[in-house]
*Asks:* 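Take a look at this one; I'll ask things after.
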Amino acid sequence: MNDERGNGWSVVTGAAGGIGLEIVRLFARRGPVLAIDRDDAALSDALVTVESAGHRIEPAVADVSSPSDVARAFASLPKDLSVRCLVNCAAIFDHQKAEIMTLDAWERVLKINLTGPFVCSQAAFPRMGRGSVVVNIGSINGHRAIPTHANYAVSKAGLMMLTRCLAVEWARHGIRVVSVSPGIVDTAMNRRVEEQSNIDPAEVQAKLPLGRYATGYEIAEIVEFLASDAAAYVSGTDLLADGAWTALGAS
């Protein structure tokens, strides 16, 4: 990952599990990582499992939608080093039918999933320069309407537009902004979704062209590519990583 401002840090939110933890695990092999999550205990337990190969991993407990929390997290970085990559991965879900969805459920999901990436991107910006990258983790839900997912889907669709807006505004600074929209990923979060909605994972996987869910590591590898020099001319776009689900048109 090129950083014209010297040795920089990667910052990953939602770092205590799932895709976020896999990204931390992968990025830590190449340099220091600030791992942000709101769950202190889960973050501490997760980072014990990461093989950092001598690179520094700094944990930070923060609610990504809180500017003061995020400012404290970024303040823990060495003042003389830049942020070479910010990965906005933190997200929550609360699936309900639209007609009975509470305003609290609507606002909480948008606050974490959409306001959070905006707040973190603003905090990272002063430490970023040419060669720096923001990678937003979207979702197939931002591309298609799925029953009971209105709050989550709108948050992810909004995140794709935030990606485009920041990419256009920050291009003059040499900062790229991209997003990745995974299909279904085998994570604890997805398993909770399936339990909440009484979904049979075997039935769902049988409908997918590749016949299986993605792994968190596979999504992390895509993020690593997008943050690398190999993707130096990729900005303002979303990469759909759904195993051809959208191409099939399956529901």
*Asks:* Same cluster or not: are Met161 and Val178 linked, directly or through other Ile, Leu, Val, Met, Phe, Trp or Tyr residues, by side-chain heavy atoms under 4.5 angstrom apart?
*Replies:*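 Different clusters.
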
*Asks:* Measure the CZ-CZ distance between Arg172 and Arg130 for me, rounded to the nearest 0.5 Å.
*Replies:*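 Reported to 0.5 Å precision, the distance equals 11.0 Å.
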
*Asks:* Do you reckon Ile57 sits in the same ILVMFWY cluster as Leu26, going by side-chain contacts under 4.5 Å, direct or chained?
*Replies:*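 Yes, Ile57 connects to Leu26 through the hydrophobic network.
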
*Asks:* Nearest 0.5 Å, what's the CD1-CZ distance between Ile184 and Arg212?
*Replies:* 12.5 Å

*Asks:* Taking the side chain as C-beta and beyond, is there a heavy-atom pair between Val177 and Glu169 under 4.5 Å?
*Replies:* no

*Asks:* Please find the pair of heavy atoms, one from Val133 and one from Ala227, that lie closest to each other, and give the distance.
*Replies:*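 Closest pair (atom of Val133, atom of Ala227, distance): CG2-O, 4.0 Å.
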
*Asks:* Are the side chain of Arg127 and the backbone N or O of Leu81 linked by a donor-acceptor pair below 3.5 Å?
*Replies:*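 Checked: pair present.
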
*Asks:* If two hydrophobic side chains count as joined below 4.5 Å and joins carry through other members, does Ile175 share a cluster with Val168?
*Replies:*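 Looking at the clustering, Val168 is in a separate group from Ile175.
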
*Asks:* Please find the pair of heavy atoms, one from Ser65 and one from Ile112, that lie closest to each other, and give the distance.
*Replies:* OG-CD1, 3.9 Å

*Asks:* Ala98: what forms a side-chain contact (heavy atoms from CB on, under 4.5 Å) with it, not counting sequence neighbours?
*Replies:*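 Per chain and number, Ala98 pairs via side-chain contact (heavy atoms from CB on, under 4.5 Å) with no residue.
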
*Asks:* For a quick test of reading the model, state the closest non-hydrogen atom pair linking Met128 to Val134 and the distance between them.
*Replies:*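 In terms of heavy atoms, the two residues are closest at CE-CG2, 3.8 Å.
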
*Asks:* Would you say that Ser235 contacts Trp170 through its side chain, given a criterion of any heavy-atom pair below 4.5 Å between the two side chains?
*Replies:* no

*Asks:* For the side chain of Asn136 and the backbone of Gly138, is there at least one donor-acceptor N/O pair under 3.5 Å apart?
*Replies:* no

*Asks:* For the atom pair OG1 (Thr148) and CD (Glu99), what is the distance rounded to the nearest 0.5 Å?
*Replies:* 10.0 Å

*Asks:* If you define the side chain from C-beta out and look only at heavy atoms, does anything of Val24 sit under 4.5 Å from Val87?
*Replies:* no

*Asks:* Kindly indicate whether the side chain of Val33, heavy atoms from C-beta on, has any atom under 4.5 Å from the side chain of Val12.
*Replies:*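 Of all side-chain heavy-atom pairs linking Val12 with Val33, at least one is under 4.5 Å.
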
*Asks:* Of the non-hydrogen atoms in Arg84 and Ser10, which two are nearest, and what is the gap between them?
*Replies:* NE-OG, 3.5 Å

*Asks:* Could you tabulate the donor-acceptor pairs under 3.5 Å formed by side-chain atoms of residues 113-120, not counting sequence neighbours?
*Replies:*
from   : atom 1 : to     : atom 2 : distance (Å)
Asn113 : OD1    : Ile92  : N      : 2.9
Asn113 : ND2    : Ile92  : O      : 3.0
Asn113 : ND2    : Ser155 : OG     : 3.2

*Asks:* Excluding sequence neighbours, so at least two apart, what forms side-chain hydrogen bond (donor to acceptor under 3.5 Å, both in side chains) with Arg108?
*Replies:* Asp94, Asp104

*Asks:* Counting C-beta onward and ignoring hydrogens, is there a side-chain heavy-atom pair between Ile219 and Glu22 closer than 4.5 Å?
*Replies:* no

*Asks:* Output yes when a side-chain donor or acceptor of Arg176 lies under 3.5 Å from a complementary backbone atom of Val234, and no otherwise.
*Replies:*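 Side chain of Arg176 to backbone of Val234, a donor-acceptor pair under 3.5 Å: yes, one is there.
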
*Asks:* Looking at side-chain heavy atoms only, is the closest gap between Tyr152 and Ile146 below 4.5 Å?
*Replies:*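 The answer is no, as the side chains (C-beta and beyond) never meet within the 4.5 Å cut-off.
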
*Asks:* How long is the gap from SG on Cys85 to CZ on Arg30, to the nearest 0.5 Å?
*Replies:*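 So the SG of Cys85 and the CZ of Arg30 are separated by 12.0 Å.
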
*Asks:* Quick one: does Arg25's side chain have a donor or acceptor within less than 3.5 Å of a partner on Tyr217's backbone?
*Replies:* no

*Asks:* Determine whether Leu162 and Leu159 make a side-chain contact, defined as any pair of heavy atoms from C-beta on separated by less than 4.5 Å.
*Replies:* yes

*Asks:* Testing the basics here: between Glu218 and Thr215, what is the closest heavy-atom pair and its distance to 0.1 Å?
*Replies:* OE1-N, 2.9 Å

*Asks:* Should side-chain heavy atoms under 4.5 Å link Ile, Leu, Val, Met, Phe, Trp and Tyr, which residues sit in the same cluster as Met101?
*Replies:* Leu103, Trp106, Leu110, Val154

*Asks:* With heavy-atom distances below 4.5 Å as the criterion, would you say the side chains of Glu58 and Trp9 are in contact?
*Replies:* yes

*Asks:* Please list all pairs meeting side chain to side chain donor-acceptor pair (under 3.5 Å) that have one or both residues in residues 178-190, counting only residues at least two apart or in different chains.
*Replies:* His143-Ser181, Ser179-Asp238, Ser181-Asp238, Asp186-Arg191, Asn190-Glu194

*Asks:* In a table with atom names and distances, give each donor-acceptor pair under 3.5 Å that connects a side chain of residues 66-77 to protein atoms at least two apart or in another chain.
*Replies:*
from  : atom 1 : to    : atom 2 : distance (Å)
Ser66 : OG     : Ser68 : OG     : 3.1
Ser66 : OG     : Asp69 : N      : 3.2
Asp69 : OD1    : Arg72 : NH2    : 2.4
Asp69 : OD2    : Asp63 : N      : 3.0
Ser76 : OG     : Ala73 : O      : 2.5

*Asks:* Any chain of hydrophobic side-chain contacts (each under 4.5 Å) joining Leu210 to Leu239?
*Replies:*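 No, no single cluster joins them.
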
*Asks:* Has Asn151 got a side-chain atom pairing as donor or acceptor with Ala105's backbone, closer than 3.5 angstrom?
*Replies:* yes

*Asks:* Specify the closest pair of heavy atoms between Lys156 and Ile137, including all atoms of both residues, with the distance to one decimal.
*Replies:*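 So the minimum-distance heavy-atom pair works out to NZ-O, 2.9 Å.
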
*Asks:* In this structure, which one of Asp37, Asn88, Ile23 forms a side chain to side chain contact (heavy atoms under 4.5 Å, CB included) with Thr13?
*Replies:* Asn88

